[in-house]
Amino acid sequence: MTDTVKPVGEPTPRRNPKPEVEKLGGRKLKPATLMMGHGFDPTLSEGSLKPPIFLTSTFAFESAAAGKRHFEGLTGKRPGGAEGLVYSRFNGPNQEILEDRLSVWEDAEDALVFSSGMSAIATLFLAYASQNDVIVHSGPLYAATESMVSKILSRFGITYIDFPAGASRAELDNILDQAKAKAAETGGKVAMIYLESPANPTNALVDIEAVSASRDALYGDADYKPPIAIDNTFLGPLWQTPLKHGADITVYSLTKYVGGHSDLVAGGLIGAKKFMDPVRALRNTIGTICDPNTAWMLLRSLETVELRMTRAGENAAKVCAFLKDHPKVDGLGYLGFIDDASQQDIYDRHCTGAGSTFSLFIKGGEAESFAFLDAMRIAKLAVSLGGTETLASHPAAMTHLSVSEERRAQLGITDNLVRISIGVEDPEDLIADFDNALKAV
Ligand SMILES: *Cc1c(COP(=O)(O)O)cnc(C)c1O
């Protein structure tokens with residue numbers, strides 16, 4: 001064994017992502033393969049094939065100099081961030097492995113995990129927006145995100161301008177222009193362009209490529225341009241990878257497809273390190289990181305995310321084919337059957353699958369929709385989505401009850417809209433359940 005000289009205080013590597021194995025003779029391994037081992041070296045944990053759950057609030061330093069070096073990285077006195085673990089509000093082994101594996105799906109440099117989707121979103125906004133700034137966002141947004149922008153950030157002098165999800169390039173140019181002018185007036189900046197696509201529950205798609213082109217045209221090569229963040233919860237990580245289409249930050253409620261078993265709540269952000277750094281610093285300050293147990297559960301979930309999403313997507317296609325021409329059905333908001341040419345164009349450029357969450361319009365109103373929901377036997381009546389089991393809910397009476405009737409009408413959230421998230425059950429059983437429940441209408 002040769003003695004290598006380490007700079008003073010440089011920590012011994014505690015993790016080994018084994019890049020040489022991953023290359024396998026120049027071959028770039030696919031995410032589905034990397035989910036089984038990326039970022040974890042069993043030899044550093046007694047040979048344990050799976051990462052142990054590290055339940056500790058703090059980490060012992062190898063030496064006082066190593067401790068100083070960690071804090072230099074942590075506080076930005078030295079670039080590159082902390083090289084080792086310091087304290088569990090900042091990070092832990094389970095969370096770091098999870099962050100490594102999440103970033104693989106978008107071929108990104110970095111990722112951060114959070115205690116919920118909303119804590120990821122709140123930390124993101126707070127890291128980027130200051131007093132007098134303007135946020136531009138697509139609409140509709142997930143209701144709590146919309147509240148965060150319109151009710152919480154507004155208390156700190158941050159305003160917003162929104163545009164409808166399907167907006168064209170010309171409309172986007174106009175909105176971004178307005179936002180830039182407004183920010184100049186208030187003495188702030190456009191802090192962020194925040195998108196959600198597909199939008200919930202309408203499944204309207206945002207043209208990420210057009211947003212990015214519009215932003216770049218308006219800001220040219222100025223020192224500052226507002227980052228583009230996008231909530232990709234409905235199609236990610238499998239069917240849409242927004243970083244490839246011009247987004248800077250991808251946002252996830254990991255509670256949904258990534259967690260996938262309706263048994264945890266967590267969130268994530270993915271992007272280049274320069275976009276994650278301000279958020280990491282704020283997460284260190286306020287402690288919105290997810291706990292080690294949840295991170296471990298998510299590592300388990302990621303091993304099957306491609307399998308689960310593929311099966312759920314196939315099931316949804318079969319169920320929707322059955323529902324499409326059913327006499328009790330008034331329409332479907334399903335990305336597999338888009339009837340608008342510009343939405344289809346966005347889909348073709350951005351998405352590789354139609355997902356498994358869709359809107360089902362029942363002939364009738366609330367009474368007929370409730371009769372349908374109450375008659376379902378396999379599908380569970382619950383909000384949320386992306387789990388192994390099929391879920392059904394009524395947005396107008398549940399998730400969007402607090403939204404004004406007028407705004408609901410604007411968003412197309414009608415009394416006959418039932419939202420469905422298809423799971424991984426047997427597709428014929430699911431079709432039988434829908435067939436039977438529609439008889440009750
Ligand atoms: C569920 C959800 C969120 C919020 O995530 P939590 O994990 O519940 O905090 C944000 N955006 C979308 C699109 C969601 O579906």
Side-chain angles (χ1 to χ4, degrees), residues 95 98 102 111-126 135 137-153 162 165 192 194-206 208 229-240 242 247 249-270 279 283 286-291 293-295 297-298 301-302 305 309 312 333 335 350-351 355-359 382-387 391-393 395 398-400 402-403 411 413 417 419-423:
Q95 294 93 324
L98 174 60
L102 269 182
L112 294 170
V113 290
F114 295 84
S115 56
S116 70
M118 280 318 301
S119 74
I121 292 166
T123 311
L124 174 70
F125 280 135
L126 291 173
I135 288 170
H137 74 78
S138 65
L141 292 180
Y142 183 73
T145 308
E146 198 150 321
S147 296
M148 181 69 202
V149 174
S150 67
K151 302 205 177 101
I152 311 290
L153 296 178
D162 62 342
M192 177 168 285
Y194 187 89
L195 316 175
E196 187 172 314
S197 182
N200 174 31
T202 55
N203 264 345
L205 295 169
V206 179
I208 311 164
I230 173 169
D231 188 331
N232 194 39
T233 299
F234 272 50
L235 287 182
L238 205 59
W239 296 306
Q240 181 170 257
I249 300 162
T250 308
V251 178
Y252 283 101
S253 168
L254 300 175
T255 311
K256 314 295 166 55
Y257 285 100
V258 176
H261 297 73
S262 306
D263 56 4
L264 61 85
V265 173
L269 301 176
I270 304 177
V279 194
R283 189 186 68 173
I286 63 180
T288 40
I289 191 167
C290 87
D291 67 278
N293 191 66
T294 300
M297 302 264 283
L298 282 161
S301 291
L302 278 173
V305 70
M309 289 183 80
L335 291 175
H350 293 73
C351 312
S356 82
T357 302
F358 60 89
S359 302
V383 297
S384 199
L385 62 122
L391 297 181
S393 65
M398 297 169 190
T399 46
H400 292 69
S402 62
V403 178
L411 299 176
I413 302 169
L417 191 167
R419 199 193 63 187
I420 307 289
S421 166
I422 294 288

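For ligands, and for the atoms within them, numbers begin at 1 and follow the listed sequence. Values below: all heavy atoms of this structure, side chains included; hydrogens, waters and symmetry mates excluded.
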Kindly indicate, with the supporting measurements, whether the criterion side-chain contact (heavy atoms from CB on, under 4.5 Å) is fulfilled by Y257 and L235. CA-CA 8 Å; Y257 285 100; L235 287 182; over 6 Å; no
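Under the 4.0 angstrom criterion for non-hydrogen atoms, D231 is in contact with ligand 1. For A266, the closest heavy-atom approach to ligand 1 falls below 4.0 Å.
Nearest protein neighbour of atom 15 (O) of ligand 1, counting heavy atoms only, is K256 NZ, 2.7 Å. In terms of protein heavy-atom proximity, atom 8 (O) of ligand 1 is nearest to Y142 OH, 4.0 Å.
Distances below 4.0 Å separate heavy atoms of E196 from the following atoms of ligand 1: 13 (C).
Annotation: S253 places an N or O atom under 3.5 Å from an N or O atom of ligand 1; distance criterion only. By the 3.5 Å distance cut-off applied to N or O atoms, T255 is counted among the residues near ligand 1. In terms of polar-atom proximity, M118 is counted as a contact of ligand 1, with an N or O under 3.5 Å from an N or O of the ligand. Below 3.5 Å of separation, one finds an N or O of G117 facing an N or O of ligand 1.
With respect to S138, the side-chain contact (heavy atoms from CB on, under 4.5 Å) criterion is satisfied by exactly one of D231, I230, L195: L195.
Annotation: side chain of L141 is in contact with side chain of Y194 (closest heavy-atom distance under 4.5 Å).
To the nearest 0.5 Å, the span separating CG on L238 from OG on S356 amounts to 11.0 Å. Separating the CG atom in L112 from the CD atom in Q95 is a distance of 11.5 Å, to the nearest 0.5 Å.
Within the 3.5 Å criterion, the main-chain N or O of G386 finds a donor-acceptor partner in the side chain of S421. Listed for the T288 side chain is no donor-acceptor partner under 3.5 Å among the backbone atoms of F114.
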